[in-house]
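In what follows, a structure is listed as structure tokens, so that the remarks can point back to it.
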Amino acid sequence: MIKAPRGTRDLLPPDTALWNFVEAAVRDVFRIYNFHEIRTPIFESTELFARGVGEETDIVSKEMYTWEDKGRAESDKSQMLTLRPENTAGVVRAYIENKLWDRGLNKLFYIGPQFRRERPQKGRYRQFYQIGAEVIGPAPSGSESPARDAEVLEMLATLLDRLGITGWTLELNSVGCKDCRPAFNEALRKALEPVTATMCADCQRRAVTNPLRVFDCKVPADQPIIEKLPRLSEFLDDACRKNFVDVQEILTAVEIPFTVNDRLVRGLDYYTRTAFEFTHGALGAQNAILGGGRYDGLSEALGGPPAPGIGFAIGEDRLVMSLTQSAESVLRKPDVYIAPLGVGMNREAARLARELRRHDVIVELGDESFRLKKAFETASKASIRYVLIAGENEAQSGAFTLKNIESGEQISVARAELAERIRKR
RNA sequence: GUGGGAGUAGCUCAAUCGGUAGAGCUCCGGUCUGUGGCACCGGCUGUUGCGGGUUCAAGUCCCGUCUCCCACCCCA
């Protein structure tokens, strides 16, 4: 038997109804915050992610699905392509390629699959889905303003609340900018040098590849060492410091609860200043339901003009997991089951179904070979409220038998009144 | 990439020391050809994840492999 590849899965009814419910709610929120949809390719040049996400990140160095796309002719040279592991680089590439700065401030959102070759786990798949947004534009458009950061965070809190997700936590930090972070990195490297050898194997590796991540270490023995390391917050320059304070003040004004976590770092190289994470307790070890931050230098890194921006990505799989709603509860059941009765009655049933569906009635249709008993059982199991009997008697008289499955009541309804009668419930 | 647990019918699970693969639920049909849910009767579904090995005999023991789950790592 051919099975879905490792880390991928089929989403089936009724779960798909829940996914559609989430996406509809999300689109509704994006609409009132004036975000508009962008759809970028599912694969891009490998170089885009190498330069955008960062060569040294785990994502680029070991988790990407990359292949050589061979040229079709002598003159056609081959190129390296990669299934997108995240969507921000693609959006920023599109911003540059389509000269979106002409539109001033862009507020864009996307919903779609992403791919990372990781070992599958609860809340972690090789093909997973992200709902994300980016606010990006030339600085004069306001893209650099702390007001944008706060607006995005407030929108996210609203979104989670609307979906009925309770018990989330917003953690916030500032990771500095290209001007102040190098000084901090240098200080951190210096402070780590003499103590690295006493730390865990992961920290020894991190100290070389990505010193900021040392702050993520959970090994108890390392904590006293980490406590004494220089803090990012001490190295923020005045502009970054003010930006961070402004964001917090706006959040307080709009009554969004948050906690500052000065050990919060992000795994992608492009993040600057505001970095954040919404976590949820019911998700197991993969407790980050969404994450994001500002990426003021990304456009330049990809060869574009300065274009400050802030964005986030929601793990849609994890979002759906943390919903308390059941899939059943958002599923709209058929309104009526039409039971053709007797040879040739499929034709009459088809006509009836067509008429009813034109009136937005959800119709399920049987077959003339089915016994009436089967129609009732099918309707009952599927929680369909009415069974409409399309038999020879009814076809001749023009009045059809409509039975309410729950109450057992049965009435005769003229053809023209069927839709109204069924929808009235 | 590392460590642990698990894979038997559509689902949940059983199978003694290695000795004929089972139960419940679901599903299908009938009792009942135009009135359901109940009841009774009958029935289907298996390369025991896959591939090797040991054995007279393997769901069971051994080796390999795949997948899922949990954790690390990492991230959303």
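Sequence lines set the chain letters: A, B, ... in the order given, protein chains first and strands last, and positions in each chain run from 1.
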Please say whether the positively charged group of [X], taken as NZ for Lys or CZ for Arg, lies over the ring of [Y], i.e. under 6.0 angstrom from the six-membered ring centre and within 45 degrees of the axis.
X	Y	value
A:Arg9	A:Tyr125	yes
A:Lys403	A:Tyr386	no
A:Arg266	A:Tyr271	yes
A:Lys373	A:Phe376	no

Any side-chain donor near an acceptor of the partner, [X] and [Y], under 3.5 Å:
X	Y	answer
A:Tyr95	A:Glu134	no
A:Gln410	A:Thr401	no
A:Thr274	A:Asp149	yes

Just call it for [X]: base, sugar-phosphate, or nothing, with non-hydrogen atoms closer than 4.0 Å on any strand.
X	result
A:Glu409	nothing
A:Ile289	sugar-phosphate
A:Gly132	nothing
A:Asp317	nothing
A:Gln410	base

Exercise. Counting Watson-Crick and G-U wobble pairs whose two distances are both under 3.5 Å, find the runs of 3 or more in a row that involve RNA chain B.
Key: B:1-7 with B:66-72, B:10-13 with B:22-25, B:27-31 with B:39-43, B:49-53 with B:61-65
On a whole-Å scale, what distance lies between the [atom1] atoms belonging to [N] and [M]?
N	M	atom1	result
B:G18	B:A58	P	14 Å
B:C70	B:U12	P	15 Å
B:C25	B:G3	P	44 Å
B:C32	B:A39	C1'	13 Å

Self-check item: Nucleic acid contacts of residues 372-379 of chain A, taken as heavy-atom distances under 4.0 Å to RNA chain B
Solution: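 Contacts with RNA chain B under 4.0 Å: A:Leu372, A:Lys373, A:Lys374, A:Phe376, A:Glu377.
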Practice problem: Taking side chain to side chain contact (heavy atoms under 4.5 Å, CB included) as the test, write out the residues that go with A:Asn34, two or more places apart. | Solution: A:His36, A:Lys107
Exercise. Apply ring pair (Phe, Tyr, Trp, His ring centres under 6.0 Å) to A:Phe400 and list each qualifying residue two or more places apart in sequence or on a separate chain.
Key: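 Scan of A:Phe400 (ring pair (Phe, Tyr, Trp, His ring centres under 6.0 Å), adjacent residues dropped) gives none.
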Exercise. Check step by step if side-chain hydrogen bond (donor to acceptor under 3.5 Å, both in side chains) holds for A:Thr82 and A:Thr66.
Key: CA-CA 4 Å; A:Thr82 293; A:Thr66 296; 2.7 Å; yes
Practice problem: Establish whether the base of B:G34 is bridged to the side chain of A:Glu392 by a donor-acceptor pair shorter than 3.5 Å. | Solution: no
Quiz item: Taking N and O atoms by type only, does the side chain of A:Lys3 place a donor or acceptor under 3.5 Å from a partner on the base of B:U67?
Solution: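 Answer no: no donor N or O sits under 3.5 Å from an acceptor.
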Exercise. Taking only the side-chain heavy atoms of A:Thr401 (C-beta and beyond), determine which of B:G36, B:G34, B:C75 contains the nearest atom.
Key: B:G34
Exercise. If the plane angle is over 60° it's perpendicular, under 30° parallel, otherwise tilted; pick one for A:Tyr295 and A:Tyr270.
Key: perpendicular
Quiz item: Taking the six-membered ring for Trp, are A:Phe30 and A:Phe312 parallel (under 30°), tilted (30 to 60°) or perpendicular (over 60°)?
Solution: parallel
Below 4.0 angstrom from OP1 or OP2 of [N], is there any side-chain N or O of [X]?
X	N	answer
A:Arg266	B:A76	yes
A:Arg126	B:U67	no
A:Lys381	B:G36	no

N/O contacts under 3.5 Å, protein versus nucleotides 68-74 of chain B?
unit_1	atom_1	unit_2	atom_2	d
B:C68	OP1	A:Gly7	N	2.6
B:C68	OP2	A:Arg6	NE	3.2
B:C70	OP2	A:Lys122	N	2.5
B:A71	OP1	A:Ala285	N	3.2
B:A71	OP2	A:Gln121	NE2	3.4
B:C72	N4	A:Arg124	NH2	3.2
B:C73	N3	A:Arg124	NH1	2.9
B:C73	N4	A:Gln121	OE1	3.3
B:C73	N4	A:Arg124	NH1	2.7
B:C73	N4	A:Gln286	NE2	3.2
B:C74	OP1	A:Arg206	NH1	2.5
B:C74	OP2	A:Arg206	NH1	2.7
B:C74	O2	A:Glu118	OE2	3.2
B:C74	O2	A:Arg124	NH1	3.2
B:C74	N3	A:Gln286	OE1	3.3

Quiz item: How many Å lie between OH on A:Tyr270 and C1' on B:A76, as a whole number?
Solution: 11 Å
Quiz item: How long is the line joining OH of A:Tyr271 and C1' of B:A76, in whole Å?
Solution: 9 Å
Quiz prompt | Toward the 5' end of RNA chain B, by each residue's nearest nucleotide, A:Arg116 or A:Ile405 | solution =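 That would be A:Ile405.
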Practice problem: For A:Lys403 and for A:Ile314, locate the closest nucleotide of RNA chain B by heavy-atom distance; then report the residue assigned to the nucleotide nearer the 5' terminus. | Solution: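 In this pair, the answer is A:Lys403.
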Quiz item: A:Arg162: what forms a salt bridge (Lys or Arg N to Asp or Glu O under 4.0 Å) with it, not counting sequence neighbours?
Solution: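 With neighbours one apart ignored, the set is A:Asp28.
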